[in-house]
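Each chain gets a letter, A, B and so on, in the order the sequences are listed, and its residues count up from 1. All values below come from the heavy atoms of this structure, side chains included, with hydrogens, waters and symmetry mates left out. Predicted, not measured: the structure shown is a model, and the values here were computed from it.
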Amino acid sequence: MDTPTQTPSSGRPARSVTVPTGKGQSAPGAVTKISVRDLSLHYGAKQALFDISMDILGNQVTAFIGPSGCGKSTLLRCFNRMNDLVDGVKVRGSVMLSGQDIFAPDLDVIELRKRVGMVFQKSNPFPKSIYENVAYGLRVAGVTDKAVLDETVEKSLRGAALWDEAKDRLQESGLGLSGGQQQRLCIARAIAVQPDIILMDEPCSALDPIATAKVEELIHELKSEYTIIIVTHSMQQAARVSDKTAFFYLGKLIEYADTQTVFMNPANPQTEAYVSGRFG
Amino acid sequence: MSHSPLSQSTNAARRIGQFLRRGDQFIWLSGGAMGLAALLIVGLLGLVFVSGFTFFWPYNVVTADRADGTPVLGVITNSQEERLDPAGNVMKAAQTQFKVGARELYGFDFIWIKKAELSNFRVDPEVIAFERQEYGDFYGLLHGIEYKGKPVADAATAWALLQEKRPEARDLAARAKKIQRDAIGEVNAEIQRANLKLKVARRKAAGAALDPAFENPLKESLARNQARYEQLRLEAEALSAQAEEYAAVVGTVDGQRKTVPLAAIVRAFRPNQMSKLEKLGMYFSRAAEFVYGEPRESNTEGGVWPAIFGTVIMTLIMSIVVTPFGVVAAFYLREYAKQGPFVRMVRIAINNLAGVPSIVFGVFGLGFFVYFIGGGIDRMFFPDMLPTPTYGTGGILWASLTLALLTVPVVIVATEESIAAVPRGTREGSLALGASKFQTLVNVVLPASVPGILTGVILAMARGAGEVAPLMITGVVKLAPELPLDGHFPFFHLDRKFMHLGFHIYDVGFQSPNIEAAKPMVFTTTLLLIAIVVILNLFAIRLRDHIRKKYQTGAF
């Protein structure tokens, strides 16, 4: 990206979608990356999402907040169709990713997942070496060129701020890393396939504060290149890392606006009650 | 204090109630059951160890006088105390068992003699003991050595000459045997092949004359091999005759004389002169012969090498077959099959399969593998050998496949469990990177479940190696002339019958004509079977630990 991250005044988007000051910045001319329209989702007989409509902008961090069971993770997992793995899931409505319907019958899910990376709540490195963990996405895509793999592994580990800690032990098991390192390894693994979008499902919930701070810092750096959607239980975290925040409650999208607005001046009384800690 | 008895009884009741609530009785019960099980196992192993390990020890040969004045010579192998009836009368007198050897003279190897009839026990240092190729052991005195029927040594010089000449004679006999087995076997195989080719060609020609260019070289080869066969046979006979030239003149303690060719003496020793150290050496030499030697005397003597070999090869073939088969089946069941009543039924059927008596699998193996598949192979590929079956009869391949079928439920169940234990997050991580389901299974799920799969294979091997009943009808024999693996093309003979330690135990212990002599061998063979199962398992466990370390360096 040509815009340096430490110059908040430059390149403000012309559109009304603004970013809170002091929160980094969005790329110039932020465009709608994901467009959700009237999305409803059923787990068997139980409805988990009710007519969600929202636009998620590129090169921004969007946070999903809300109490447990509000459907924020379910929505996140719609974006790379991870919900396909669950039996009895029915989806209505549409999700357009850069203008392409991801529920279209002729869509290649594997291609979709290469474009939409994901980092999970619990770090889940493969029982393989650090190197193989990062190279995994390329290997399953059929890349065998050692030079390409080496370069990508280094670039991804640098991108995930893990290179300095891991460069001397690339052939050791990924499971030998600490919890925070494992989570950053998972992020490195996700960015190795060069996705457009990274989905993060409570990436810091199992980490201590120092590891959390490192991951958050990383999110800041990554957003110049990727669109990031993060589900979090921690409102402080949402306030710290995100440009826009969506509040969900009981499967409905209650409020979706700039992070500053959601936390300082929410339009909906339920949002206010939640962000001020009165329920949830 | 009218309520005092009442409160006492409630106190006791409370204490019992507390005891029951704490569950102490279950701790005692389960601990006791565990202890009993451990005791049984230790007892079993102890019995097998003690009976098995003493088998090779060269005990002193004892002389004693019987009541009628005739001496008896032999190794004391057992004794029984006097048994009284309730009234105090002697029901059965105390008696001692001697192994007297020289079966061809006495008609028996062992004899029970009442202790009261025995007196004057002594240990004569001059007594010799022979282990012979035939007729078992011989205990007696050495009177001389003959060369081609003429005495060349008397009692005083015989032992030294025997020591000198016996290895030569054994060597000659071994060479004769080698010719008979290897060279003549090869010539026979060539004759058979040529005959087969002629037979096929004649059948195809349907009565017409054969092309001389085809027929003549074959006939020549036949003639050449016939001549070679004759020559080898004479050579072997000459060697055998030469081996028999020297013979030991021996006598039993009661004066019977006998000559024993030196070539027929496997071991000659004077146990009563041997030091403990020499006996220990003899012990190990006998133990080594047991492991590496070939059986003699309808399996009651000699070694069990072919049986060890057969057991190991069969178990390995079984593992090689059962592992992929079981793993693939488990992956389909767990990952691809649509979970529903049908799959549930299949799973129940698999679990029940593990409980089916093994002989049922044997019958199935006989009907399906041997007759159906083996018979089909014979009709298709070896029609000219018929009616002699090639694969249409029991063999190591069919026995291994039958056992693979028997043990496949173990592998399926273990694999399914270890697949299920792979964390969901790990799979999702792989899928989220754009891996297909198949790639995820191969790259992530399979490696992570290898330790569990190997646990299943270990259990399957332990079960398979000890199984006897299905083998008896699918390819195990009492005595196999050839090993399934040898130096003759195609080296690995899957159609051959083989020997198996489990069957060997049954055969030696319960089917042999000389049960007393074979009894210790039963325990020794059992010990060996246990040892082999343990070694195979240890090997697999090491492999599993190695893989586990490789994939799951799990410290956080």
If we ignore hydrogens and angles and just use 3.5 Å, is the side chain of A:S129 paired with the main-chain N or O of A:E172 as donor and acceptor?
no
Specify whether A:F126 and A:Y136 have parallel, tilted or perpendicular ring planes, treating 30° as the upper limit for parallel and 60° as the lower limit for perpendicular.
tilted
When you compare the side chains of A:S94 and A:D101, does any donor N or O come within less than 3.5 Å of an acceptor on the partner?
no
Contacting region of A:R81 [heavy-atom separation from chain B under 4.5 Å]
neither
Residue selection (most heavy-atom pairs with chain B, distance under 4.5 Å) from A:M82, A:Q121, A:R139, A:R115
A:M82
Name the member of B:T440, B:V442, B:T426 that forms the most heavy-atom pairs with chain A at distances under 4.5 Å.
B:T426
Go through the atoms of A:V119 and report whether side chain, backbone, both or neither lie under 4.5 Å from a heavy atom of chain B.
neither
Atom NZ of A:K155: over 12 foreign heavy atoms under 6.0 Å:
no
